Amino acid sequence: MRKINLINACLLFVFCFSGHITLTAQESDAIEDEINQIIAQLTLEEKVAMCHAQSKFSSKGVPRLGIPELWMSDGPHGVRAEVNWDDWGYSMWTNDSITAFPALTALASTFSKGLSYEYGKAIGEEARYRNKDVLLGPGVNIYRTPLNGRNFEYMGEDPYLASELVVPYIKGVQENGVAACVKHFVVNNQELWRDHINVEVSDRALNEIYFPAFKAAVEEGNVWSVMSAYNQLRGQYCSHNEFLVNEVLKKKWNFDGVLITDWGAAHDSKQAALYGLDIEMGTGTNGLTYSEVNHYENYYMAGPMKELVRKGEVPEEVVDEKVRRILRLMYRTTLDKTRPFGSVNSKEHQMVARRVAAEGIVLLKNEGKLLPLDINKKQKIAVIGENATRMMTKGGGSSELKPKYEISPLEGLKNRLPDHEITYAMGYSSGRAQYGKVLPPAFDQEELKKEALETVKDADVVIFYGGLNKNHEQDCEGGDRLSYKLPFGQEDLINDLAKVNKNIVVVLISGNAVEMQWEKNARAVLQGWYLGSEGGNALADVIVGDVNPSGKLPFTFPMKLEDNSAHHFGEMSYPGDSINQEYKDDILVGYRWHDTKKIKPKYAFGYGLSYTDFLIMNVTLNKKTFNRQETIIASCDVKNIGELEGKEVVQFYVEKVKSKVMRAKKELKAFGKVELKKGETQEVKGEVDVLSLRYYDEEMKDWVLEPGDYLLHVGNSSDNIRKSIKFSIVEQIE
Ligand code: BGC
């Protein structure tokens with residue numbers, strides 16, 4: 001047998017195997033041949049060792065053949081600081097600080113595929129510079145309930161929006177020879193009991209709501225790795241779920257990459273072997289908590305899997321297939337000697353972070369045009385709220401970052417307005433962020449409130465930076481929020497501040513919707529997300545009008561929690577009984593529910609104001625009747641009729657008129673974003689493949705296109721439709 005010299009093999013294939021180059025069938029075959037020849041030289045021990053962790057974030061290579069280790073890192077918003085070999089402590093390196101990019105909810109709010117690509121490229125460059133082969137992100141679990149502690153890491157409630165945005169992110173990352181790892185596959189839509197809860201959900205909801213972003217990541221983004229969810233689906237853990245992994249991911253979607261567990265999410269050696277898991281990562285042998293001597297050797301996919309092969313219960317080819325996928329991943333990443341070297345903390349990356357942050361901010365309310373602040377007038381600005389100064393890259397769980405810098409909202413405002421009088425009072429406080437634990441605040445809340453009321457007394461304008469934070473039971477991994485309300489006494493505080501000063505701007509820093517009964521007491525409200533290194537500058541950009549806000553909500557803000565569909569159906573629907581949970585809301589998630597059931601939201605999906613005004617007009621369709629092979633092309637003109645330059649997102653929704661099955665009132669099928677000068681008009685087009693109008697039929701286990709009448713709705717939010725046009729689908733037309 002020919003001994004492969006890996007270095008030569010790599011050089012041979014680098015040109016054709018890096019992410020941005022499409023391979024010919026012949027080239028791929030040649031690579032697969034090489035991989036098979038490598039596998040033939042590996043012992044069972046060596047193969048098995050490649051299938052599980054050797055440290056917190058790495059798995060073994062085969063040094064005698066020059067097969068390198070594989071190194072991974074969190075997470076979706078920046079490359080995590082170095083973690084110790086075998087505990088969760090940080091390694092205290094001095095060269096691992098990075099750019100913190102805005103959380104994915106902010107990226108989703110931009111409705112910009114271009115920005116998603118830039119984001120992916122920049123974070124991929126940082127991962128590459130830090131010598132990571134796999135970046136553990138992006139996250140595309142669907143926003144089902146505002147209580148989910150990790151919504152901030154995901155792209156909102158709409159499967160189409162998440163699919164459109166996940167693909168360019170992945171491409172940007174992978175162009176660096178770094179694998180994206182789309183997570184958490186699937187229905188990890190809450191943190192409570194995530195390590196074991198069994199989700200029962202219909203095939204239809206899986207296919208129409210929870211799968212699409214993962215499917216797009218695989219089929220269109222060609223993602224090189226996927227992370228399984230902790231929870232179970234229909235009685236089997238997602239990491240080794242026969243239906244999910246073998247049938248859907250690997251067979252139906254043709255995924256040729258590596259399925260990696262979430263950390264400690266494997267539970268059974270035989271299932272892991274047979275049902276498609278490729279690499280087991282994790283903490284201790286029992287998954288989540290403890291480590292013992294030699295525990296890596298005791299992983300489900302280590303010694304025990306080897307034993308199963310030895311006993312003949314698992315064919316060795318099953319392990320070969322895992323190794324084949326891992327080697328394929330290596331050829332695409334660590335073995336690609338032409339991959340670029342990457343860079344970290346560059347001006348370019350910081351500017352990507354700032355642009356995404358500024359474009360993701362959503363203006364929810366602006367009574368009497370309080371914003372942008374009139375900075376030509378010397379204003380006395382009172383800044384209130386803990387979030388004006390709090391580091392939001394700290395806490396939150398695995399997405400925690402060690403940024404080179406993080407501009408706080410207060411700092412950003414002071415940078416931008418050095419000559420204005422800006423005073424600050426904290427107003428309320430919460431405890432320090434600690435994983436899995438709520439710590440008490442260090443300050444007396446009454447004293448803080450007194451000071452704040454004093455501070456706002458003679459201010460021209462009050463900017464209140466509040467919302468949630470990255471503490472346990474706020475926006476944080478490992479637990480859900482306990483309440484939909486603003487925490488830490490903020491609601492009372494805002495109401496009391498309004499008694500003293502009417503000119504209040506509230507900036508919500510959060511990755512989730514909150515109840516907003518206090519909103520009548522704020523003249524302006526901005527949704528400010530977690531915006532990363534450049535957060536404070538980006539917020540100042542919008543507050544003073546350097547950037548005209550154009551962000552649109554990627555999820556609905558219900559008036560009250562019970563208005564959300566997951567909660568409407570009671571405890572078994574959310575959070576379940578701690579063992580099982582049933583997604584009774586089915587396909588009616590987010591705006592699909594609110595629209596269909598006519599439940600008015602506080603703020604609708606797709607909603608967001610601007611400092612200027614737009615007119616959507618001249619809506620047309622290319623035809624009136626379509627068949628299944630065709631594409632519907634809708635177009636409209638958007639005119640900027642206000643005083644300032646700005647950007648608008650036109651949204652194209654489709655409704656089936658009189659469907660024979662239950663359907664959402666309407667679904668987003670296309671969107672387009674334009675930048676318009678004052679008085680300017682531009683055309684925006686939305687292209688909708690007729691096949692994307694199908695629903696998933698449970699009995700046929702297939703997609704069905706219903707002939708008949710449909711409506712195309714064009715607007716600038718899901719509840720602000722400017723024009724609807726009827727069209728029909730026929731089976732065949734001459
Ligand atoms: C999280 C993953 C993360 C992993 C490694 C898990 O607890 O759910 O998203 O990538 O830890 O830190």
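Computed from a prediction, not measured in an experiment: that's the story for all the values here. Basis for what follows: all heavy atoms, side chains included, without hydrogens, waters or symmetry-related copies. Whatever order the structure lists ligands and atoms in, that order sets their numbers, starting from 1.
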* Asked: Among all residues two or more places apart in sequence or in another chain, which pass the side chain to side chain contact (heavy atoms under 4.5 Å, CB included) test with Glu473?
  -> Val438, Leu482
* To do: Examine ligand 1 and decide if any of its atoms is less than 4.0 Å from a heavy atom belonging to Met72.
  => no
* If you measure from each non-hydrogen atom of His184 to ligand 1, which part falls under 4.0 Å: side chain, backbone, both or neither? -> side chain
* To do: Please determine if Tyr230 has a nitrogen or oxygen closer than 3.5 Å to a nitrogen or oxygen of ligand 1.
  => yes
* Does Trp88 reach ligand 1 with a nitrogen or oxygen that is under 3.5 Å from one of the ligand's nitrogen or oxygen atoms? -> no
* To do: May I ask whether Met227 places a heavy atom under 4.0 Å from ligand 1?
  => yes
* To do: Report, in ascending order of atom number, the atoms of ligand 1 lying under 4.0 Å from any heavy atom of Ser398.
  => 1 (C), 2 (C), 3 (C), 9 (O), 12 (O)
* Which ligand 1 atoms does Leu136 reach within 4.0 Å, using its non-hydrogen atoms? -> 10 (O)
* Asked: Sequence neighbours excluded, which residues qualify as side chain to side chain contact (heavy atoms under 4.5 Å, CB included) partners of Ala213?
  -> Val140, Ala162, Ser163
* **Atoms of ligand 1, numbered as shown, that sit under 4.0 Å from any heavy atom of Lys183** => 2 (C), 3 (C), 9 (O), 10 (O)
* Asked: Side chain, backbone, both or neither: which part of Arg194 comes within less than 4.0 Å of ligand 1 when only heavy atoms are counted?
  -> side chain
* Asked: Is ligand 1 under 4.0 Å from a heavy atom in the side chain of Arg150, in the backbone, in both, or in neither?
  -> side chain
* **Those atoms of ligand 1 less than 4.0 Å from some heavy atom in Arg80** => 12 (O)
* Asked: Does any donor atom in the side chain of Asn580 or Asn198 lie under 3.5 Å from an acceptor atom in the other side chain?
  -> yes
* Just which atoms of ligand 1 are under 4.0 Å from any heavy atom in Phe57? -> 5 (C), 12 (O)
* **Lys/Arg-Asp/Glu bridge criterion (N-O < 4.0 Å) met for Glu175, Arg339** => no
* List the atom of Tyr119, the atom of Pro76, and the distance in Å for their closest heavy-atom pair. => OH-O, 3.3 Å
* Would you kindly say whether Tyr296 and Glu280 are connected by a side-chain donor-acceptor distance under 3.5 Å? => no
* Asked: Side chains of Ser228 and Ile260: does their closest heavy-atom pair fall under 4.5 Å?
  -> no
* Relative to each other, are the rings of Trp253 and Phe211 parallel, tilted or perpendicular (30° and 60° limits)? -> perpendicular
